[in-house]
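Following: one structure in structure tokens, then a few remarks.
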Number of protein chains: 2
Amino acid sequence: MSTTPETAPKRGSRLPRLARRAQLLEAAQEVFVANGYHAAAMDDIADRAGVSKPVLYQHFPGKLELYLALLDTSCDAIVASVRDALKSTDDNKQRVTATMHAFYDYVANAQGAFRLVFESDLTNEPSVRERVDRVTHECAEAVSEVISADAGLSRQQSMVLAVSLVGMAQVSARYWLAADNPSLPQEHAADLVASLAWRGIGGFPRTDG
Amino acid sequence: MSTTPETAPKRGSRLPRLARRAQLLEAAQEVFVANGYHAAAMDDIADRAGVSKPVLYQHFPGKLELYLALLDTSCDAIVASVRDALKSTDDNKQRVTATMHAFYDYVANAQGAFRLVFESDLTNEPSVRERVDRVTHECAEAVSEVISADAGLSRQQSMVLAVSLVGMAQVSARYWLAADNPSLPQEHAADLVASLAWRGIGGFPRTDG
DNA sequence: GGTTTCGTGGAGGTCAAGATCGGCGTGCAG
DNA sequence: CTGCACGCCGATCTTGACCTCCACGAAACC
């Protein structure tokens with residue numbers, strides 16, 4: 001029997017630096033996701049990781065930096081996911097569907113990372129605000145390029161539309177997750193919202209109001 | 001000479017209880033909107049109102065109750081605004097436009113009350129979470145009734161669509177406000193998003209995917 | 001097998017912010 | 001004119017959370 005404590009690191013075990021850091025990040029993510037930034041105490045994170053506070057501070061200079069590290073990962077994940085979805089096909093309708101599914105996947109999986117991005121309670125901190133806004137902005141910009149390529153709208157106009165689509169995906173996905181009635185499976189909900197989005201954005205060059 | 005300091009209450013002036021309370025609420029709203037809940041100090045609110053902290057605590061039992069009072073007002077305002085917009089006409093397309101304009105008006109005016117609802121940094125507090133979720137839920141429910149009346153969808157399905165529309169309005173309006181380029185006037189932006197929404201939701205009974 | 005070294009742990013300092021007590025000035029009744 | 005009541009202010013207390021100091025134990029090396 002291998003005695004590798006891969007998922008059950010007991011208290012007192014010495015870990016290599018990178019493994020320890022990864023473990024701390026995972027524990028911190030759990031606590032931040034569950035409690036938010038303010039209600040999350042460094043003691044809780046240390047306890048959750050099975051270490052004491054000083055080791056936490058040997059890996060991260062402070063609470064904010066720890067939070068920002070997790071936030072950066074989460075932000076990069078959703079942005080990359082959206083970019084991949086847009087690159088996955090050349091058919092715009094399928095692009096919409098793929099992007100919507102990317103959002104729903106991110107909200108449903110990713111161990112609640114979306115809470116750090118879309119439900120952060122530290123948006124007054126400029127560094128956090130900047131990152132969170134960046135997510136919406138970069139996602140919308142990626143969508144906007146596709147829109148303005150085919151719809152012939154101004155940059156501002158296509159950005160407003162793109163932000164609308166991103167907001168639709170983000171808010172509906174969070175609502176779907178919060179509504180704990182699994183009568184609507186994830187794929188069906190995403191498809192439904194995708195069809196709404198595609199009806200709205202598809203063939204937009206017509207400006208018949 | 002009337003010494004009524006109607007809009008410039010200097011420090012030391014004695015006000016009737018209700019007027020003082022209203023003034024405190026206004027000052028608190030400004031500080032909470034500017035700084036968020038956590039960064040807002042009771043000292044700041046008292047200073048902004050031109051009184052000392054004990055007076056504040058003679059009107060409100062604590063910081064949370066003060067915040068909740070403002071939050072309730074803001075929540076009721078947007079929900080009522082959406083309901084009025086939906087009731088304002090029988091043409092569904094104009095309903096969409098009116099509702100979208102209601103959101104944009106709320107975000108642009110209402111002295112930043114939308115920040116308390118859509119950008120609260122106290123969503124971990126259950127009482128706050130409940131109120132904020134209620135706003136999206138009630139707005140979406142009002143929209144959902146119109147949808148399910150005409151589109152023949154299940155309750156869950158029309159709710160997901162309604163939440164999507166609400167999310168679209170909410171996120172795009174906030175983005176439009178944050179983007180300080182007035183190249184897109186409020187009415188144009190709202191009309192653009194309304195047209196997107198109407199194309200998406202109008203004539204939804206077709207399920208051509 | 002001894003020593004050195006490094007990581008770990010519990011206990012404590014500091015500080016900000018929410019929440020509260022003794023003086024004071026003002027307006028009114030007699 | 002004089003005493004009284006009332007509401008406001010400066011100064012203070014406490015709590016809670018972030019962030020470090022001193023002793024211990026285990027691993028590594030000769």
Side-chain angles (χ1 to χ4, degrees), chain A residues 3-5 8-25 27-28 31-32 34-71 121-122 124-125 127-128, chain B residues 1-5 8-25 27-28 31-32 34-71 121-122 124-125 127-128:
Chain A
T3 59
T4 56
K10 52 191 153 305
R11 200 170 183 90
S13 70
R14 278 156 106 101
L15 263 61
R17 191 160 183 82
L18 273 166
R20 180 67 86 194
R21 182 188 160 94
Q23 183 204 6
L24 291 175
L25 282 171
V31 175
F32 280 135
N35 298 46
Y37 180 84
H38 295 288
M42 293 296 264
D43 306 74
D44 298 348
I45 296 172
D47 285 355
R48 172 72 96 145
V51 299
S52 74
K53 265 186 292 183
V55 283
L56 201 50
Y57 282 95
Q58 281 163 7
H59 284 265
F60 301 96
K63 192 184 182 183
L64 178 61
E65 287 78 10
L66 174 57
Y67 187 77
L68 288 180
L70 293 167
L71 185 62
D121 58 344
L122 198 64
N124 303 105
E125 179 67 29
S127 48
V128 173
Chain B
M1 61 185 330
S2 68
T3 58
T4 57
K10 52 190 150 307
R11 200 172 183 85
S13 71
R14 276 152 111 108
L15 262 61
R17 193 160 183 82
L18 272 166
R20 180 67 84 192
R21 182 189 161 92
Q23 183 205 8
L24 291 176
L25 282 171
V31 174
F32 280 135
N35 300 56
Y37 180 83
H38 296 287
M42 293 295 264
D43 305 73
D44 298 349
I45 297 172
D47 285 354
R48 173 72 94 143
V51 298
S52 74
K53 259 187 299 182
V55 192
L56 202 50
Y57 282 94
Q58 282 162 8
H59 284 263
F60 301 95
K63 191 185 183 183
L64 178 62
E65 288 79 11
L66 175 56
Y67 187 77
L68 287 180
L70 294 167
L71 184 62
D121 57 345
L122 198 65
N124 303 106
E125 179 68 29
S127 49
V128 173

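C:dG7 atom P lies 16 Å from atom CG of A:L56, rounded to whole Å. Between the CG atom of B:D44 and the C1' atom of C:dA19 there is a distance of 16 Å, given to the nearest Å. Between the CG atom of B:D43 and the P atom of C:dA19 there is a distance of 11 Å, given to the nearest Å. Between B:M42 atom CE and D:dT14 atom P the separation is 20 Å, expressed in whole Å. Rounding to whole angstrom units, OH of residue B:Y57 and C1' of D:dT14 are separated by 13 Å. Rounded to an integer number of Å, the gap from CG of A:D47 to C1' of C:dT8 is 14 Å. Between B:F60 atom CZ and C:dG18 atom P the separation is 15 Å, expressed in whole Å. Rounded to an integer number of Å, the gap from B:K63 NZ to C:dT20 P is 15 Å.
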Check: protein-nucleotides 25-28 of chain D nitrogen or oxygen pairs below 3.5 Å:
{"from": "D:dG25", "atom 1": "N2", "to": "A:R14", "atom 2": "NH1", "distance (Å)": "3.3"}

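No engagement by B:A39 is indicated, since no non-hydrogen atom pair under 4.0 Å with the nucleic acid exists.
Across all non-hydrogen atoms, the minimal contact from B:S127 to B:L68 is OG-CD1, 4.0 Å. A:L24 approaches A:A49 most closely through the heavy-atom pair CD2-CB, 3.6 Å. For the residue pair A:K63 and A:Y37, the shortest heavy atom distance occurs at NZ-O, 2.9 Å.
The side chain of B:R20 places no N or O atom within less than 4.0 Å of a non-bridging phosphate oxygen (OP1 or OP2) of D:dG7. Phosphate proximity of D:dG7 to B:Q58: absent, as no side-chain N or O sits under 4.0 Å from OP1 or OP2.
Separating the CG atom in B:L71 from the CD atom in B:E65 is a distance of 12.5 Å, to the nearest 0.5 Å.
Between the side chain of B:E125 and the backbone N or O of B:L122, no donor-acceptor pair lies under 3.5 Å.
Comparing C:dT8, D:dC21, C:dC21 against the side chain of B:P54 picks out C:dC21 as the nearest. Closest to the side chain of B:V55, from the set C:dG18, D:dC9, C:dT8, is D:dC9. Picking from C:dG9, C:dT8, C:dA11 the nucleotide with the shortest atom distance to the side chain of A:K53 gives C:dA11.
Annotation: ring-ring contact (aromatic ring centres under 6.0 Å, His included) contacts of A:Y57 (sequence neighbours excluded): none.
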Tell me which donor-acceptor pairs under 3.5 Å the side chains of residues 38-46 of chain A have, and how far apart each pair is, sequence neighbours excluded?
{"from": "A:H38", "atom 1": "NE2", "to": "A:D121", "atom 2": "O", "distance (Å)": "2.8"}
{"from": "A:D43", "atom 1": "OD2", "to": "A:K53", "atom 2": "NZ", "distance (Å)": "2.9"}

